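Given the structure is predicted, the values throughout are model-derived calculations rather than measurements. Just the heavy atoms: all of them, side chains too, but no hydrogens, waters or symmetry mates, feed the values below.
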Amino acid sequence: MQWGEPPIVFPGYTAIFFPFTFFSSVAAGYVFLVLNVIITVILFYLLFRKTGLINSDKKDLLDSGFLLTLFVFMSSTPYFASVNHGQSTVIVTFFLISILFIKPFYLKVLFFGAAAALKYSMLPLYGLALFFKKRYRLCIFSFVLFLLFAAVPLLFGHNLIELYSSYSETLVLWVSKGGFNTFPVSGYNMIHLDFIAVKWLQVSAKIFCAALFFYALFLTRKDKKISMHLMFFITSLTMLISYHRLYDLVFVLPFALYLINIYVREGKFFKAAVTSGFIGFFIIPESIIYTAADFLGSFVKGNSAIHLTSFNGNQYENMFPVLPAACIFLTIWAFYLLVVRYRESQK
């Protein structure tokens with residue numbers, strides 16, 4: 001197995017995606033698509049079953065809103081983007097959510113280690129939360145497994161030092177000024193805080209996000225488990241502090257959809273409505289969002305505070321960071337819900 005150019009994905013991918021090499025590129029695409037659909041159904045069944053929203057009764061399964069929730073999720077723009085771009089976000093989301101519910105320790109380690117190999121940018125806050133909840137063995141064993149995944153290219157004759165040096169150099173190049181993975185160059189579907197052009201403001205915003213994260217952990221310090229409210233906040237915050245694009249919101253939406261179901265059942269319709277509003281925004285087709293972003297950008301082009309970006313040649317030339325703005329408001333709302341839940345639990 002050889003890379004024709006320096007890898008832009010983590011080489012540890014090899015261990016997980018090697019079976020796809022036995023298919024043609026077209027067949028592998030169809031297999032990957034079907035796999036994503038199957039995993040999505042299993043993911044939501046697991047989420048609803050383990051949290052008591054549904055039971056083993058088939059009638060309850062159909063009447064519970066399970067099918068509607070599944071339909072909304074699979075109709076969302078992030079889900080379409082994930083499948084269209086061939087991203088592993090759905091698989092990673094399944095792994096990371098499953099850890100919260102499954103019992104076998106070896107499966108938890110396997111899923112966490114595999115998720116890290118597939119998309120380690122999803123894990124910093126989630127991993128810290130697990131560590132804070134005293135899941136030390138899980139974090140340590142999963143890290144060891146991650147290192148084993150990273151070493152798999154060695155079996156195919158690669159020099160690991162040369163391979164990862166090349167990988168690191170490529171990453172640095174792509175995120176350096178003028179690189180492809182920078183907001184001015186390809187920020188059309190980015191959702192993190194790098195749209196802030198003033199460096200000290202950007203760094204300050206990320207430090208503030210870190211402070212909110214640790215405050216959230218402090219609030220929930222007596223909870224042995226990671227609640228759905230905390231997960232909603234953690235996943236939303238993760239989107240802001242490290243490199244992420246629209247398709248990575250697949251990790252956030254299941255928690256939002258779960259909470260909508262809970263709020264409706266509890267009669268908390270305002271919370272359900274606002275959370276549904278965010279979901280509704282992420283169902284809007286990308287072309288409409290891009291058009292709105294370009295329209296808004298025409299009023300602030302030439303500013304030095306935020307980066308504007310372009311997409312599809314000259315079709316969208318001055319795109320305002322609408323998606324990051326939506327994620328900021330989503331994170332604020334998730335934090336509000338978490339704080340309210342904490343205060344209610346203290347009564």
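Of the candidates Y336, F329, F335, Y336 is the only one forming a ring pair (Phe, Tyr, Trp, His ring centres under 6.0 Å) with W333.
Looking only at side-chain heavy atoms (C-beta outward), F20 and L35 come within less than 4.5 Å of each other. Side-chain contact check for L160 versus P153: some heavy-atom pair is nearer than 4.5 Å. Contact check for I262 versus L53: side-chain heavy atoms found under the 4.5 Å cut-off. Between L110 and F95 there is no side-chain heavy-atom pair separated by less than 4.5 Å. Counting heavy atoms from C-beta outward, L253 and Y79 have side chains that stay 4.5 Å or more apart. Using a 4.5 Å heavy-atom cutoff, the side chains of V92 and F251 are not in contact. With a 4.5 Å cut-off on side-chain heavy atoms, Y243 and D248 do not count as touching. You'll find the side chain of N261 stays beyond 4.5 Å of the side chain of T51, heavy atoms only.
Counting only distance, with no hydrogens or angles, the side chain of S298 and the backbone of F295 share a donor-acceptor pair below 3.5 Å. In this structure a side-chain-to-backbone donor-acceptor pair under 3.5 Å is missing from S176 to G179. Listed for the K133 side chain is no donor-acceptor partner under 3.5 Å among the backbone atoms of K224. Checking side-chain atoms of Y13 against main-chain N and O of L118 turns up a donor-acceptor pair under 3.5 Å. Between the side chain of T309 and the backbone N or O of F183, at least one donor-acceptor pair lies under 3.5 Å. Although no hydrogens or angles enter the test, the distance criterion places no donor-acceptor pair under 3.5 Å between the side chain of Y316 and the main chain of Y188. No donor-acceptor pair under 3.5 Å is formed between the side chain of Y167 and the backbone N or O of P11. The main-chain N or O of S121 is found under 3.5 Å from a side-chain atom of H244 such that the two form a donor-acceptor pair. Of the possible donor and acceptor atoms, none in the side chain of D223 sits under 3.5 Å from a partner among the backbone N and O of K225. A donor-acceptor pair under 3.5 Å is formed between the side chain of S186 and the backbone N or O of F180.
Atom OG1 of T69 sits about 9.5 Å away from atom CD1 of I279, to the nearest 0.5 Å. One finds the CG atom of L125 at 5.5 Å from the CG atom of L237 (value rounded to the nearest 0.5 Å). N36 contributes atom CG, which lies 11.0 Å from atom CG of L43 (distance to the nearest 0.5 angstrom). Here the OH-CG distance, from Y258 to L47, works out to 7.5 Å after rounding to the nearest 0.5 Å. Taken from CG in L240 to CG in D194, the straight-line distance is 10.5 Å, to the nearest 0.5 Å. A distance of 11.5 Å separates OG of S142 from CG of L148, quoted to the nearest 0.5 Å.
Between C327 and I191 the shortest heavy-atom distance is SG-CB, 3.6 Å. For the residue pair Y126 and I234, the shortest heavy atom distance occurs at N-CG2, 4.0 Å. S242 approaches H192 most closely through the heavy-atom pair O-CB, 3.2 Å. For the pair A216 and L230, the tightest heavy-atom approach, listed with the atom from each and the gap, is CB-CD1, 4.0 Å. Across every non-hydrogen atom of I97 and F101, the tightest pair is O-CD1, 3.3 Å. Across all non-hydrogen atoms, the minimal contact from N159 to I161 is OD1-N, 3.0 Å.
Note: F132 and F213 fail the aromatic proximity criterion, with ring centroids not under 6.0 Å apart. Note: Y136 and F131 meet the aromatic proximity criterion, with ring centroids under 6.0 Å apart. F10 and F146 have their aromatic ring centers within a separation under 6.0 angstrom.
By the neighbour-count criterion of 12 heavy atoms within 6.0 Å, atom OH of Y30 is sparsely surrounded, having that number or fewer from other residues, nucleotides or ligands. No more than 12 heavy atoms of other residues, nucleotides or ligands sit less than 6.0 Å from atom CZ of R343.
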Subject >> Test side chain to side chain contact (heavy atoms under 4.5 Å, CB included) applied to F281 and V322, step by step >> reply: CA-CA 11 Å; F281 175 80; V322 169; 3.8 Å; yes
Original post:
Taking it one step at a time, do K271 and V340 satisfy side chain to side chain contact (heavy atoms under 4.5 Å, CB included)?
Top reply: CA-CA 11 Å; K271 293 180 181 178; V340 169; 3.3 Å; yes
**OP:** Check the pair K177, T182 against side chain to side chain contact (heavy atoms under 4.5 Å, CB included), reporting the backbone distance first and the verdict last.
**Re:** CA-CA 7 Å; K177 186 176 182 180; T182 57; over 6 Å; no
Subject >> Residue pair F149, Y120: steps toward the ring-ring contact (aromatic ring centres under 6.0 Å, His included) verdict >> reply: CA-CA 12 Å; F149 278 129; Y120 52 76; over 10 Å; no
Original post:
After noting the C-alpha distance and the side-chain angles of Y290 and F311, does the key distance pass the side chain to side chain contact (heavy atoms under 4.5 Å, CB included) rule?
Top reply: CA-CA 9 Å; Y290 295 165; F311 177 62; 3.8 Å; yes
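Put simply, I283 and I260 are part of the same group of oily side chains (I, L, V, M, F, W, Y) that touch within less than 4.5 Å, one to the next. In the hydrophobic cluster analysis, where Ile, Leu, Val, Met, Phe, Trp and Tyr join through side-chain heavy atoms closer than 4.5 angstrom, I38 is grouped apart from F71. Both L70 and I54 are part of a single hydrophobic cluster, where members link through side-chain heavy atoms under 4.5 Å apart. Note on L212: it does not cluster hydrophobically with I207, by side-chain heavy-atom contacts below 4.5 Å among ILVMFWY residues. Taken together through direct or relayed side-chain contacts under 4.5 Å among Ile, Leu, Val, Met, Phe, Trp and Tyr, I226 and Y215 form part of one hydrophobic cluster.
With salt bridges taken as basic N to acidic carboxylate O contacts below 4.0 Å, none links D294 and K301. No salt bridge links R341 with E266; every basic N to acidic carboxylate O contact stays at or beyond 4.0 Å.
Classified by interplanar angle (parallel below 30°, tilted 30° to 60°, perpendicular above 60°), the ring pair F17/F32 is tilted. Relative ring orientation between F111 and F94 is described as tilted, the plane-to-plane angle lying within the 30° to 60° band.
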